[in-house]
J.: 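Next up is a structure, given as structure tokens.
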Amino acid sequence: VFWRSTTTSTFPGPRPIPLIGNILPAQRVEKVLSALGEKYGPIYALKFFRTPVLVLNSASVARDLLELRSSKYANRPLPKIVEMSSFNRGIVMEHDPARLRLGRKVIHAIGQSRGIEEYRARIQHYLATYLKRMHDNPRTFMQHARSLVASTTLEMSHGYEIQGEDDPLLSDARTLVENFSHASDAGGYLVNWIPFLSIFPEWLPGMQFKTRAYEWGRQYNMVSQKAYDWVKREMVKGTARPSMVAKALDETTRDAIPEDVIMYSAVQVYTGGADTTSSTICGFILMMVRHPDVGRKAQAEIDHVIGRDRLPTYADRDKLPYTNAILSEVLRVIPPISATLREPSEDDVYDGRYIAKETMIIENIWGMLRDRDVYPDPDKFDPERWVDFDGRHVHHPLNIVFGFGRRSCPGRVFAEEMAFTVVALILSLYDISNDCDASGKPIIPAMEQTTGSIMFPLPFTCKITPRDLRASEHVEKFYATYYQAPGSVNAV
Ligand code: HEM
């Protein structure tokens with residue numbers, strides 16, 4: 001204590017109310033945290049009840065702490081409600097370093113380009129299905145984006161093929177994401193700040209959160225187990241398709257990884273990957289409706305580099321800098337995850353100031369991506385910013401939206417590939433424009449997102465029309481080439 005008080009000072013921040021701490025709104029916290037950052041700087045202190053909190057509002061500070069001191073900042077705080085609902089099982093909230101390492105290793109089997117390659121034919125199949133649906137029914141573009149990513153992630157994690165929108169596993173997985181989103185809303189439950197509340201019985205007024213948390217936990221365990229058992233049964237029958245679970249249960253690694261680590265890691269491919277990646281695709285369409293000039297410029301680039309005789313592929317990414325810049329700028333202005341949490345496993349000092357062990361660290365991703373010192377006019381959607389910008393730079397949006405250091409997103413490679421491919425295909429095939437209301441006035445959708453730990457653009461309408469006759473021919477050809485009829489896929 002003597003050392004602390006003589007050599008270090010504390011971080012600036014708004015004065016907390018005694019006993020309660022600082023009060024933040026229940027929704028759109030990231031915006032309030034950014035506004036406070038403008039007053040108190042790139043790293044500042046708050047207090048929630050007795051918990052000390054540090055907010056990181058700058059990517060450089062996040063890199064200094066979470067990347068350059070990654071072993072010290074590899075933990076996430078564990079809110080009581082998350083523990084009560086069993087969501088601490090699985091990579092996202094894992095506390096045990098050995099289990100975390102194994103869980104991330106399981107996911108890495110599909111998180112790297114080589115791993116993704118094994119699913120190439122299936123990814124093409126789902127892209128073909130997506131394009132056909134977009135072509136036949138462009139009005140439901142949001143649903144098509146969600147189905148595309150849901151199908152691909154469940155295929156890669158479990159080798160499972162979704163049977164339409166009513167598929168029982170898909171609807172269980174969607175409920176699970178919703179429950180997780182509620183449970184991980186740290187500010188939403190008093191018990192996260194006053195943990196002893198959890199000892200009171202469920203029938204007392206105000207204790208209903210306990211019933212809810214146990215129900216979420218029951219559902220999480222049930223879905224994870226059901227999906228995992230399904231793969232094991234398929235393996236016994238000899239009909240299992242290539243998947244992350246099948247690979248992890250392979251003879252060579254069978255004894256090395258505990259079964260529950262495989263089971264929960266697999267289900268988190270869907271929970272971590274599906275809504276985030278489809279939110280990005282819908283965010284792209286939203287920005288194209290709002291900025292038709294940007295879409296036209298990208299189409300000119302695609303036509304010039306690729307021509308109209310074939311469709312762009314992921315392999316063309318480096319040749320399409322403007323199209324690629326659109327993806328970066330979409331993720332900068334509407335990142336699917338606005339903030340995540342960490343905590344240091346030991347005391348630390350940064351910039352001459354003291355950080356106590358188990359301080360709650362808020363990575364304000366939304367705020368970092370609107371840092372006025374780095375991005376002039378940060379609310380402006382301007383892909384041009386990224387055309388000549390070094391992709392390795394700490395302030396490049398793609399180095400921020402997936403987080404930092406040891407807990408950064410293991411699905412980044414897949415997410416970038418899927419999102420870029422869809423952006424390039426859609427721009428090459430379709431014009432995206434605004435709808436009009438009954439009086440003929442253009443409807444320009446607002447940049448509003450759902451609340452919760454994964455944000456999705458609110459439903460909006462637009463027109464998605466084929467650019468020319470060649471677009472229809474390309475979609476038909478793509479479908480004929482890549483669509484795989486049920487039952488035609490080989491087992492492992
Ligand atoms: C555009 C799409 C995506 C975005 C923006 C995104 C963003 C993030 C962020 C910000 C984190 C927290 C990082 C941190 O704490 O520093 C994270 C973690 C995670 N993501 Fe993603 N993600 C995306 C797609 C995916 C995909 C496709 C998968 C699955 C293959 C996935 C699986 C995970 C998992 C399991 C974690 C927890 C990692 C850990 O705690 O160690 N994500 N993601």
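In each ligand, atom 1 is the first atom listed, and ligand 1 is the first ligand listed.
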J.: Between ligand 1 and the protein, tabulate every N or O atom pair separated by less than 3.5 Å, reporting distance only.
T.:
from	atom 1	to	atom 2	distance (Å)
ligand 1	15 (O)	R76	NH1	2.7
ligand 1	15 (O)	R76	NH2	3.1
ligand 1	15 (O)	T340	OG1	3.1
ligand 1	15 (O)	R342	NE	3.4
ligand 1	15 (O)	R342	NH2	3.4
ligand 1	15 (O)	E363	OE2	3.3
ligand 1	16 (O)	R342	NH2	2.7
ligand 1	16 (O)	E363	OE1	3.2
ligand 1	16 (O)	E363	OE2	3.0
ligand 1	16 (O)	F404	N	3.1
ligand 1	40 (O)	R76	NE	3.4
ligand 1	40 (O)	R76	NH2	2.8
ligand 1	40 (O)	R407	NE	3.0
ligand 1	40 (O)	R407	NH2	3.3
ligand 1	41 (O)	R104	NH1	2.6
ligand 1	41 (O)	R407	NE	2.9
ligand 1	42 (N)	G272	O	3.3

J.: With sequence neighbours left out, write down each residue that passes ring pair (Phe, Tyr, Trp, His ring centres under 6.0 Å) with F284, or none if nothing qualifies.
T.: none

J.: Indicate whether the side chain of R412 and that of N399 have a donor and an acceptor atom separated by less than 3.5 Å.
T.: yes

J.: Please list, chain by chain and in numerical order, all residues satisfying ring pair (Phe, Tyr, Trp, His ring centres under 6.0 Å) with F11, sequence neighbours excluded.
T.: none

J.: Flag the pair D275 and R174 as a salt bridge only when some basic side-chain nitrogen lies within less than 4.0 angstrom of an acidic carboxylate oxygen.
T.: no

J.: Would you find more than 12 non-hydrogen atoms of other residues, nucleotides or ligands less than 6.0 Å from R114 atom CZ?
T.: no

J.: Looking at residues at least two apart in the chain, or sitting in another chain, which of them share a side-chain contact (heavy atoms from CB on, under 4.5 Å) with V61?
T.: P42, I43, L56, S58, L65, Y350

